[in-house]
Amino acid sequence: AKHEDLKDEGQSITFPEIKTNAKDSETGTNISKADEKVKIIDEVSYTGLIPNKEYELNAHLVRKDTKEPLKVNGEMIVSTKKFTPTEPDGSVEVEFEFDGSALEGKTVVAFESLEYNKIQIAVHADINDKNQSIDFPAIKTNAQDSETNDHLAKADELVTLVDHVSFDNLNPGESYDLFGRVISKETQDTLQAKVVIGALLPGTEQNLTLLTSGDYVYVESNEKGIAEGIYQKVGEKYKLVGSDEKAIELSKSVISDKNTYDKDTYVYIDNGKIIDVDNPEYIYSENKQPVTRKITFVPKKSSGTVDVTFQFDASELAGQSTVVFEDLLQFQGSEQYINISIASHEDINDKNQTVNFPKIQTEAKDAVTGEHVASPDKKTKIIDSVFYDSLIPGKSYEILGKLYIRETGEPLLVDGKEVTGKTSFTPDKSSGTVEIEFEFDASALAGKTVVAFEDLRFNKISIGSHEDINDEQQ
């Protein structure tokens, strides 16, 4: 006798299979922010189950770097779910909720096992399976002044801060946004200042990508110092008439009053090249506004670096410090943003994120009288006490001094030479005082007033000055 029926359930043995697809509950992707509250939803698809029987899914998270179970406060992150399928094939979700604040730059993988009557009948535990993995990006920043290449900047009308942002654990080929903010350390709010909205520099040939449409040309964002924006042909040159960050196609509709510059700036364009620039100048926003910058980038590798540049008027910042905060956002599609941070670096006390704007004040006195009055003797010594603030301790600095005649505004000359002094020092605190001495023949200065000008330098670059011809203390 034979019993050979391929459709007979009583003769059949099924071998179930499970596959998983883990996603962060907020981003809906395999990217998650290393927050205190993280929720991962792992969708487990199954095939070959027997309907109307109870099964149990047991899941736990594994660190990809150590290949050991993820533990938070000494406890494994596990999840269990019982279910009774009505069809052989289907899916069920397993959730993990845990503190992921220590996982920046790490990857966790969801391992799943399926049991029937407490017997394991299927497992999915592939440490290299991208669908099972959740990546926690990490970013670190190092903000520096473009002149000093350090965390010191002069409180000038124009300052350029470059924030070097290193990233880790991103998906190569996908788009991301970096949103940077310059924070005042004193107020701990976003710095308000006039920001540079265009820069025109005198030029040798500048090769730029240009989009043209009739009498209009759109200069794309570039690193050549040419203002991004829309230029209208005027005679043989093009005049900057407006900018709109969303202006991709050129037409008069993108030229609006709110985008029109007050000052005339022109470029000469020949066969797609800007070959010269008229009236080179920086163009600032009319009013103070938050100093922020957003860039979009597509990493070629999971880790790397990208720069975020801020240009603004820093003339009011002497004696203060700024801290650059960065927020990493995942980009989705051409116009839609997820608007959820996936990594951030926002530590008001982080020295690598900080740029100091030193300040100096001076008080010059005659060495003999100890006051702001001196006898016009052949041998005269003036001691200028220079107070400094917002320096970085442990670094080497130099102060250069020069005497000026108040009545003429010109440098004091004795025997045809300028009267100067200098001192080098390495402070152990951010603020303090140093002295500079001037020794010279003052016999020709009866009835005159001299003023000491001082310039603070770091690596031969000026980072602070006190040069007020009318300052009675100088």
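Keep in mind that what you see is a predicted model, and the values were worked out from it rather than measured.
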For [X], does the [atom1] atom have more than 12 heavy-atom neighbours from other residues, nucleotides or ligands under 6.0 Å away?
X: Lys185; atom1: NZ; answer: yes
X: Lys33; atom1: NZ; answer: yes
X: Glu316; atom1: CD; answer: no

Are any side-chain N or O atoms of [X] and backbone N or O atoms of [Y], one a donor and one an acceptor, separated by less than 3.5 Å?
X: Thr362; Y: Val386; result: no
X: Asp35; Y: Val38; result: no
X: Thr27; Y: Ile31; result: yes
X: Arg63; Y: Val108; result: no
X: Gln132; Y: His124; result: yes
X: Glu93; Y: Asp42; result: no
X: Lys422; Y: Glu398; result: no
X: Asp126; Y: Asn128; result: yes
X: Asp156; Y: Val159; result: no
X: Asn356; Y: Pro358; result: no

Could you list the residues that satisfy side chain to side chain donor-acceptor pair (under 3.5 Å) with [X], not counting sequence neighbours?
X: Asp347; value: none
X: Thr354; value: none
X: Asp135; value: Asn30, Thr107, Lys130
X: His60; value: none

Do you know the tightest heavy-atom contact between [X] and [Y]?
X: Pro85; Y: Tyr46; answer: CB-OH, 3.5 Å
X: Gly319; Y: Ser390; answer: O-OG, 2.9 Å
X: Lys71; Y: Gly74; answer: CD-O, 4.0 Å
X: Pro427; Y: Tyr388; answer: CB-OH, 3.5 Å
X: Gly48; Y: Pro16; answer: O-CG, 3.7 Å
X: Ala22; Y: Ile40; answer: CB-CG2, 4.2 Å

What I want to check is whether the side chains of [X] and [Y] have a donor and an acceptor closer together than 3.5 Å.
X: Glu326; Y: Thr141; value: no
X: Ser462; Y: Lys154; value: yes
X: Ser166; Y: Thr305; value: no
X: Asp327; Y: His345; value: no

Spatial distance of atom [atom1] ([X]) from atom [atom2] ([Y]) [nearest 0.5 Å]:
X: Ser133; Y: Leu61; atom1: OG; atom2: CG; result: 10.5 Å
X: Ser302; Y: Asp168; atom1: OG; atom2: CG; result: 6.0 Å
X: Glu36; Y: Asp99; atom1: CD; atom2: CG; result: 5.5 Å
X: Lys395; Y: Phe425; atom1: NZ; atom2: CZ; result: 13.5 Å
X: Leu329; Y: Ile340; atom1: CG; atom2: CD1; result: 9.5 Å
X: Asn149; Y: Glu147; atom1: CG; atom2: CD; result: 8.5 Å

Intermediate values then yes/no, side-chain contact (heavy atoms from CB on, under 4.5 Å), Asn131 and Lys19: CA-CA 9 Å; Asn131 288 332; Lys19 294 182 179 180; over 6 Å; no

So, do [X] and [Y] sit near enough that their side-chain heavy atoms are less than 4.5 Å apart?
X: Val291; Y: Gln192; result: no
X: Ile295; Y: Val306; result: yes
X: Val298; Y: Glu174; result: no
X: Leu170; Y: Leu328; result: yes
X: Phe111; Y: Val109; result: yes
X: Thr148; Y: Asn459; result: no
X: Leu158; Y: Asp313; result: no
X: Ile348; Y: Ile183; result: yes

Asp455: which residues meet the salt bridge (Lys or Arg N to Asp or Glu O under 4.0 Å) condition with it, sequence neighbours left out?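 So Asp455 forms a salt bridge (Lys or Arg N to Asp or Glu O under 4.0 Å) with Arg457.
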
Decide side-chain contact (heavy atoms from CB on, under 4.5 Å) for Asp163 and Leu178; before the verdict, give the C-alpha distance in whole Å, the side-chain angles of both, and the deciding distance to 0.1 Å. CA-CA 11 Å; Asp163 197 19; Leu178 262 176; over 6 Å; no

Could you give me the CA-CA distance, side-chain angles and deciding distance for Phe325 and Phe179, then say whether ring pair (Phe, Tyr, Trp, His ring centres under 6.0 Å) is met? CA-CA 8 Å; Phe325 283 8; Phe179 180 68; over 10 Å; no

Do NZ/NE/NH1/NH2 and the carboxylate oxygens of [X] and [Y] come within less than 4.0 Å?
X: Lys106; Y: Asp65; answer: yes
X: Glu26; Y: Lys39; answer: no
X: Glu43; Y: Lys23; answer: no

Check: Tyr176 ring centre within less than 6.0 Å of Phe167 ring centre: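 Between Tyr176 and Phe167, the centre distance exceeds or equals 6.0 Å.
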
Only one of His164, His151, Gln353, Lys351 clears side-chain hydrogen bond (donor to acceptor under 3.5 Å, both in side chains) with Asn142; which?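 So, applying the side-chain hydrogen bond (donor to acceptor under 3.5 Å, both in side chains) to Asn142 and each of His164, His151, Gln353, Lys351, only His151 qualifies.
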
Test side-chain contact (heavy atoms from CB on, under 4.5 Å) applied to Thr80 - qualifying residues, sequence neighbours left out: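 If we apply the side-chain contact (heavy atoms from CB on, under 4.5 Å) test to Thr80, skipping adjacent residues, the hits are Glu56, Asn58.
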
Determine, stepwise, if the pair Phe96 / Ile41 fulfils side-chain contact (heavy atoms from CB on, under 4.5 Å). CA-CA 7 Å; Phe96 304 90; Ile41 300 175; over 6 Å; no

Taking the six-membered ring for Trp, are Tyr116 and Tyr55 parallel (under 30°), tilted (30 to 60°) or perpendicular (over 60°)?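 Aromatic pair Tyr116/Tyr55 classed tilted.
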
What's the verdict on side-chain contact (heavy atoms from CB on, under 4.5 Å) for Thr160 and Thr309, showing C-alpha distance, side-chain angles and the deciding distance? CA-CA 7 Å; Thr160 300; Thr309 302; 3.6 Å; yes

